[in-house]
Amino acid sequence: SVNPMAYEAQFFGFTPQTCMLRIYIAFQDYLFEVMLVVESVILKKLDGFPGCKISPLQIRKSTEKFLLFMKEHLDKLFSKMEEVLLQLVLNIPKNVLLPEDKVHEQYPYSKEQLEALQDEIHQLQKQYRAEASAGQALRAELEEQKAVQAELEKILQWFDGLENTCREHGTGNFKESFAFLTQNAKRLQDVLKDVEEKSK
Amino acid sequence: AAPGRAQMFATVVDTFLEKLVAAGSYQRFANCYRCFYKLQPEMTRSIYDQFISQLQASIKEEIQEVKNEGNLETVFNSLDKIVEEAKNREEPAWRPSGIPEEDIRSAMVPYLLKHRSYLQKILKEKEEENRKVAESVLAGRDRIAELQQQIQARKHAWQAISKEQRELVMTFKE
Amino acid sequence: FDELIVETTTKRKQWPKKILMHAIQTMKAEQE
């Protein structure tokens, strides 16, 4: 089972194994290239010795032998190096959290907790809207009250005006003056009756 | 202090290189190219030396290239810091669950919490504001009731007058 | 496989910020 080292890839931007593979392939290529150069140099040197009995095939065999040996050691050493690098350098210890994931440490919210939080927010939004429209209704009533109070005050002023008019014309208090008039009328009636009787 | 990742990386690669060179010793090389070695020992030596220095140079160059490409020096140092910060933590840290919806959730939480406290604040302000307006509305209603009573009283007073008036007229009629 | 890992983990690194940007814009718009 391959460990994709995904968390390391999140940090490095590449998978450690691929990084190592790339280095390995490069090393291997260099080894092959250098060996080919060695072989071509030796063959060229041999051209300088026409009498010598060493054939290119022999040189090729030597090259292969040395290359094989070097390749084996390269593989062995490289897998050791890879093991160390993957464990100690290109790895993120289990207890380490990357900065971009800090939030998971601070707010380990479960699905239910988050839904509860979202419900709470919806509830607050609803409440706020209700309060806002209640506020509008209250302010509307305030406006209405101003108009009504103004009307009622106008009526009261009208009454005041009426009474002031009466007062200005000597009938301070209508009620009393009517009562006074009524009394006088009655008295007049009595006097009238009295006079009539006496005159009979 | 434990060597940092950059240091460790360099050491491990250098060790690798040392061992590789040690494995590919001159003896081994001369042994493989025995026929040529017998013919030209000095030349074999110089070819071997060039082989080794070329191989080392190529490998070092490759490592440097990988370091530059991945900006490894800086990246290793910043990883060292991150690991250092977590040194007091024992238990395994959070890891992506593989379900994006799950993992984005916690990222939302701090902002939802901020949003919630903002809503709580403005709701409180709005309630307080409405409480004040409600008070003035109630006061306004009382005021109106009072005015209506006053008007009623004035009206009744006038009505009483007109009753007196009617009586007077009756008297005169009589 | 390697590309898939790198692509997925890059999203894990970058996308929460992108998503949050939109979420924050939504909340700010609602607040306004």
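Letters A, B, ... mirror the listed sequences (proteins, then strands); counts begin at 1. Keep in mind that what you see is a predicted model, and the values were worked out from it rather than measured.
Taking each heavy atom of C:I5 and A:T15 in turn, the nearest pair found is CG2-CG2, 3.5 Å. The two residues C:K13 and A:Q10 make their nearest non-hydrogen contact at NZ-O, 3.2 Å.
More than 12 heavy-atom neighbours from other residues, nucleotides or ligands sit within 6.0 angstrom of CZ on A:F32. At most 12 non-hydrogen atoms from other residues, nucleotides or ligands lie less than 6.0 angstrom from CD of C:E3. Atom NZ of A:K126 has 12 or fewer heavy atoms from other residues, nucleotides or ligands within 6.0 Å.
Annotation: the span from C:R12 atom CZ to A:L98 atom CG amounts to 11.5 Å, rounded to 0.5 Å. Taken to the nearest 0.5 Å, the OG1 atom of C:T9 stands 12.5 Å off from the CZ atom of A:F11.
Contact of A:Q125 with chain C is made through the side chain alone, with heavy-atom distances under 4.5 Å. Residue contact with chain A, scored on non-hydrogen atoms closer than 4.5 Å, involves the side chain of C:E30 exclusively.
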